[in-house]
Amino acid sequence: MGTSSSKHSLSKENYYLGTVSEVSKSIVKVQAENLSTLNSRILNGENLTPSTINFLVLINNVKGVLIARVKQNAIRDTDSIHTLMKQGMYSKIFPEIIVETLALLNPDTENFDATNFINAGVHDKVYVAPEKIIQKYYASLEVTKNIDEFPLQAFSSLGVDKSIRLAFKPVTLFSRHMMIIGTTGSGKSTSALSILDKMLKAHIKILIIDPTGEYADSFDSEVTNRMLGVDTNIASGSLSITQWVELLSASPGIQAPALMNAIEALRFQEKNCHAYEYVKTNKNISLVQKDIASLTRKDTSFDLGLLEKQLPEEAAVENGRGILKVDDFRLKNIRLLADRLHQKLETTKLQELFLGTLPYSLIDSLQQFLNDDIHSLRIDTSEIGSNDSTGGMVVDLISNYLFENKSEENRAFLIFIDEVHRYTEKETDDGNENYQGLITLAREGRKKGIYLLLTTQSPNDVSTVLLGQMGTLLIHRLTQPNEIYAINNFLDEKGRESVQRLGQGEAILTSVNLLHDVQLIIDKSDRSHHNGSPSLEAR
């Protein structure tokens, strides 16, 4: 086995399997010649079971030592084979093995690298891979191995061999962002908590957005907790006009411009300390325009409690003589928006979120997080209606604020968003994304040291633009063909075949920073996690 055999003091004949008999673009066939090697046995303290599939072999090629995985192990169906079997001459029946090449051993570094189009040759000798070389191979999976960064503590073991623990560097997982995907009960949230646990133990800064509250007791003093609408509010001026339009689902024809004008009028009132709505009816339009023009970029605050009264004033239009008069058609349309606002204020936590006097401010907490006054921060959105536009608005607000306010002096950090499909929507009819903040972070956040860890039940529920920015996927069980098709380009052939059969806690890790996909069994963290389902068992 070339240089590796001498360095590891292994006797080649104990591992010799056979020779390559056929090479094509997609497969390599090996004709077994040593039946004793195929027998399950203990050799040098390691268990060998090479009569099955998925075990690793070494191919001694003129250009180096290739490592490959066995995909198929079978006895050819021929007349001569049948004759030998009838005669009971099993010792003369040699199976044919099909393997896929994975990597090439670099003789200078003793690490495995990409094959770089090097393939096996006919008559190359093939050996069962010893445990030491297998461990070296899995330690070489990361293409980021030359980056000077310590790996996280291992959070998983190898799917085909639980004794092999795999530890990855943060850069391998997050340099191009990471998404965890899987149906309910597949282990998606458990995997997320296991990874977060290792990140916190490595003292990496994390911002957690928790829509269900299931991580409420997962972290001790290492993470600061803020609960929107309960102990943390949002200043009305923190939101952009676009975010208010999305929050109140204002239609683009009349309602969205009316909402924009109403907010600007109330900003003028706030600037001039007027605690009532800005009356426009019967006022000269030039005077109104002069008042609004006096606003600066800093004049963003307004009294949300006055917005319902202000909206009808935006039904006034110029009558041809410079005076604003109410247009009944506009008024009817705008009242629908005012009713929607009233309903949201009465049936959701919006009043507490924007009008309540609470101990903490979301914006102040985010700034403290950026300044490292808060090391890691968890934002609980479970009380504000995470399934409607409110949740999407909050994530959009957080994303935009962090992107716009993080400086080079601020430490890099990870944003974890659980159930991200709650907060993002696919393209609208005009091809635009409803919420741009998270898309901006996915596209440009890495340059500022902002990285994403996202979870979702289905890739079809996430914007295709956001999904396309993910460089690493941890894929648990998926059952629907359209879900598997959505991530088809991320998986190799073996992954596409096995993703429907994954058990709870099993996942396929695929990344631009790995030599190839790898199937894992994820450790369950010992941290508290409120993600269980109520039992139907009678009490």
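Between Ile195 and Leu474 the shortest side-chain heavy-atom distance falls below 4.5 Å. Side-chain contact between Thr472 and Leu514: absent, with no pair of heavy atoms (C-beta onward) separated by less than 4.5 Å. Contact annotation: the side chain of Tyr451 never approaches that of Leu173 to less than 4.5 Å [non-hydrogen atoms, C-beta and beyond]. In this structure, the side chains of Val230 and Leu358 stay at 4.5 Å or more apart for every pair of heavy atoms. Side-chain atoms of Leu454 and Met470, non-hydrogen and from C-beta on, do get closer than 4.5 Å to each other. By the 4.5 Å heavy-atom criterion applied to side chains, Glu314 and Gln255 are not counted as neighbours. Proximity of Asp380 to Asn225: side-chain heavy atoms (C-beta onward) are nowhere separated by under 4.5 Å.
A donor-acceptor pair is defined here as one N or O able to donate and one able to accept, closer than 3.5 Å; such a pair exists between the side chain of Glu313 and the backbone of Thr281. With hydrogens and angles disregarded, a donor-acceptor distance shorter than 3.5 Å links the side chain of Asp396 to the backbone of Gly437. Counting only distance, with no hydrogens or angles, the side chain of Arg477 and the backbone of Thr183 share no donor-acceptor pair below 3.5 Å. Checking side-chain atoms of Glu506 against main-chain N and O of Gln519 turns up no donor-acceptor pair under 3.5 Å. A donor-acceptor pair under 3.5 Å links the side-chain atoms of Asn460 to the main chain of Asn482, judged by distance alone. Using modelled atom types, one side-chain atom of Ser376 and one backbone atom of Ile206 make a donor-acceptor pair closer than 3.5 Å. Checked by atom type and distance alone, the side chain of Thr232 never pairs as donor or acceptor with a backbone atom of Leu362 at under 3.5 Å. The backbone N or O of Gly391 lies less than 3.5 Å from no partner atom in the side chain of Thr381, so there is not a single donor-acceptor pair. A distance-only check finds no donor-acceptor pair linking the side chain of Arg176 to the backbone of Val512 [under 3.5 Å].
Between the side chains of Asp197 and Ser194, not a single donor N or O lies within less than 3.5 Å of an accepting N or O. Side chain to side chain, Asn410 and Ser407 meet the donor-acceptor criterion of an N or O pair below 3.5 Å.
A distance of 4.5 Å separates CD1 of Ile374 from CD of Gln368, quoted to the nearest 0.5 Å. With rounding to the nearest 0.5 Å, the separation of NZ in Lys162 from CG in Leu520 is 13.0 Å. To the nearest 0.5 angstrom, Asn489 atom CG is 12.5 Å from Asp492 atom CG. Here OG1 of Thr300 is found 12.0 Å from CD of Glu264. Values are rounded to the nearest 0.5 Å. Atom CD1 in Ile398 sits 6.5 Å away from atom CG in Leu228 (nearest 0.5 Å). Between the CG atom of Leu402 and the OG1 atom of Thr440 there is a distance of 12.0 Å, given to the nearest 0.5 Å.
Thr456 pairs by the side chain to side chain contact (heavy atoms under 4.5 Å, CB included) definition with Met179, Ile181, Val420, His421, Val462, not counting sequence neighbours. Evaluation of the side chain to side chain contact (heavy atoms under 4.5 Å, CB included) rule for Lys290 yields no partner, not counting sequence neighbours. Residues satisfying the ring-ring contact (aromatic ring centres under 6.0 Å, His included) criterion with Tyr360, sequence neighbours excluded, are absent altogether. With sequence neighbours excluded, the residues forming a side chain to side chain contact (heavy atoms under 4.5 Å, CB included) with Leu355 are Asp303, Leu304, Gln351, listed by chain and number. Considering only residues two or more places apart in sequence or on other chains, Phe413 meets the ring-ring contact (aromatic ring centres under 6.0 Å, His included) condition with Phe369. Scanning for side chain to side chain contact (heavy atoms under 4.5 Å, CB included) contacts around Lys325 gives Asn282, Asn319, Ile323, with sequence neighbours left out. In terms of the ring-ring contact (aromatic ring centres under 6.0 Å, His included) criterion, residue partners of Tyr276 (sequence neighbours excluded) are, by chain and number, His274. Every residue was checked against the ring-ring contact (aromatic ring centres under 6.0 Å, His included) condition with Phe174, not counting sequence neighbours, and none meets it.
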Side-chain donor-acceptor distances from residues 164-172 under 3.5 Å, at least two apart:
from, atom 1, to, atom 2, distance (Å)
Arg165, NH1, Ser156, O, 3.3
Arg165, NH1, Asp523, OD1, 3.0
Arg165, NH1, Asp523, OD2, 3.1
Arg165, NH2, Ala154, O, 3.4
Arg165, NH2, Asp523, OD2, 2.5
Lys169, NZ, Thr144, O, 3.4
Lys169, NZ, Lys145, O, 3.1
Lys169, NZ, Ile147, O, 2.7
Thr172, OG1, Glu142, OE2, 2.7
Thr172, OG1, Thr144, OG1, 2.5

Side-chain polar contacts of residues 442-450 - donor-acceptor pairs under 3.5 angstrom, sequence neighbours left out - could you list them?
from, atom 1, to, atom 2, distance (Å)
Arg446, NE, Ser175, O, 3.4
Arg446, NH1, Ala442, O, 3.2
Lys448, NZ, Phe403, O, 2.5

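In terms of heavy-atom proximity, Leu337 sits nearest to Leu248 at CD1-O, 3.9 Å. Across all their heavy atoms, Asp418 and Pro211 have their closest contact at O-CG, 3.4 Å. In this structure, Leu414 and Leu452 approach most closely via the heavy-atom pair CD1-C, 3.8 Å. Minimum interatomic distance between Leu239 and Leu247 (heavy atoms only, all atoms of both residues): CD2-CD2, 4.3 Å. Counting all heavy atoms, side chain and backbone alike, His375 lies closest to Lys205 at O-NZ, 3.0 Å. A pairwise comparison of heavy atoms in Leu193 and Ser218 identifies CD1-CB, 3.9 Å as the closest pair.
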Going through the checks in order, is the side chain to side chain contact (heavy atoms under 4.5 Å, CB included) test met by Ile487 and Leu478?
CA-CA 10 Å; Ile487 57 172; Leu478 293 175; 3.5 Å; yes
Please evaluate residues Gln436 and Thr242 with respect to the criterion side chain to side chain contact (heavy atoms under 4.5 Å, CB included), reporting the C-alpha separation (whole Å), side-chain torsions for both, the decisive distance (0.1 Å), and the verdict.
CA-CA 10 Å; Gln436 287 293 321; Thr242 301; over 6 Å; no
Decide side-chain hydrogen bond (donor to acceptor under 3.5 Å, both in side chains) for Glu483 and Ser458; before the verdict, give the C-alpha distance in whole Å, the side-chain angles of both, and the deciding distance to 0.1 Å.
CA-CA 6 Å; Glu483 295 175 336; Ser458 169; 3.3 Å; yes
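Lys201 NZ: more than 12 foreign heavy atoms inside a 6.0 Å radius. Residue-environment remark: CZ (Arg411) exceeds the threshold of 12 foreign heavy atoms within 6.0 Å.
Under a 4.0 Å N-O distance rule, the pair Asp299/Arg267 does not qualify as a salt bridge.
Applying the ring-ring contact (aromatic ring centres under 6.0 Å, His included) test to residues at least two apart or on different chains, the pairs with a partner in residues 204-239 are Tyr215-Phe416, Tyr215-His529. Each ring-ring contact (aromatic ring centres under 6.0 Å, His included) pair with one or both residues in residues 322-358, not counting sequence neighbours, appears once here: Trp244-Phe354.
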